[in-house]
Amino acid sequence: MDRLKCLSDFFEAIRPDARISITHIGVYAALLQYRIENGFINPIQVFSHEIMGIAKLSSAITYHRCIRELSEYGYIRYEPSFNRKKGSKIYFREKIG
């Protein structure tokens, strides 16, 4: 899938969604950047600190809230890992909305 199309599809899907904030957008963009840097794989396996650095977030609570909400709202699928040595899996939806 085209890299810009992924971001464009996300913006199109969130346009009518009043629940989405700038923080959600920043986290999603950071996830997409991480995905691109890692060969455009789906799912990505990440640690929160990796995405927080890209998204310029300093609060793990905010990161986890945004990831959980993006998953609940159907923009991604989040599978948390409770293993300190294994990152959580984040699946990108092929069709958003």
### Task
Start with the C-alpha distance between F10 and L32, add both sets of side-chain angles, then the distance that settles side-chain contact (heavy atoms from CB on, under 4.5 Å), and finish with yes or no.
CA-CA 10 Å; F10 175 69; L32 188 55; over 6 Å; no
### Task
Please lay out, stage by stage, how V27 and T62 fare under the test side-chain contact (heavy atoms from CB on, under 4.5 Å).
CA-CA 10 Å; V27 169; T62 300; over 6 Å; no
### Task
Using the side-chain contact (heavy atoms from CB on, under 4.5 Å) rule, take F82 and S88 through it: C-alpha gap first, then chi angles, then the decisive distance, then the call.
CA-CA 8 Å; F82 300 101; S88 297; over 6 Å; no
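Listed by first then second residue, pairs satisfying salt bridge (Lys or Arg N to Asp or Glu O under 4.0 Å) with a partner in residues 81-92 number zero, not counting sequence neighbours. Annotation: salt bridge (Lys or Arg N to Asp or Glu O under 4.0 Å) contacts involving residues 36-62, sequence neighbours excluded, are absent.
M52 and I36 fall within a single hydrophobic cluster, where Ile, Leu, Val, Met, Phe, Trp and Tyr side chains are chained together by heavy-atom contacts under 4.5 Å. I54 and I41 fall within the same hydrophobic cluster, defined by Ile, Leu, Val, Met, Phe, Trp and Tyr side-chain heavy atoms under 4.5 Å apart, directly or through other members. The hydrophobic clustering, which links ILVMFWY residues whose side-chain heavy atoms are closer than 4.5 Å, places F47 and I44 apart.
Across all their heavy atoms, S48 and Y63 have their closest contact at CB-CE2, 3.2 Å. Across all their heavy atoms, S81 and G87 have their closest contact at CB-O, 3.4 Å.
For A29, the side chain to side chain contact (heavy atoms under 4.5 Å, CB included) criterion is met by no residue, not counting sequence neighbours. Contacts of N42 classified as side chain to side chain contact (heavy atoms under 4.5 Å, CB included), with partners at least two apart in sequence or in another chain: R35, Y91, F92, E94. For R15, the salt bridge (Lys or Arg N to Asp or Glu O under 4.0 Å) partners are E12, not counting sequence neighbours.
Contact of the I90 side chain with the P43 side chain is not registered, since no non-hydrogen atoms from C-beta on lie closer than 4.5 Å. Side-chain atoms of C6 and F40, non-hydrogen and from C-beta on, do get closer than 4.5 Å to each other. Taking 4.5 Å as the limit, some side-chain heavy atom of Y75 sits within range of a side-chain heavy atom of D17.
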Using residues 67-74 as the side-chain source, report each donor-acceptor pair under 3.5 Å to any protein atom, sequence neighbours left out, with the distance given to one decimal.
unit_1	atom_1	unit_2	atom_2	d
R68	NH1	E72	OE2	3.2
E69	OE1	H24	NE2	2.6
E69	OE1	R65	NH1	3.3
S71	OG	Y78	N	3.3

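The CD1 atom of I25 lies 10.0 Å from the SG atom of C66; values are rounded to the nearest 0.5 Å. How far CD1 of I76 is from OH of Y28: 8.0 Å, rounded to the nearest 0.5 Å.
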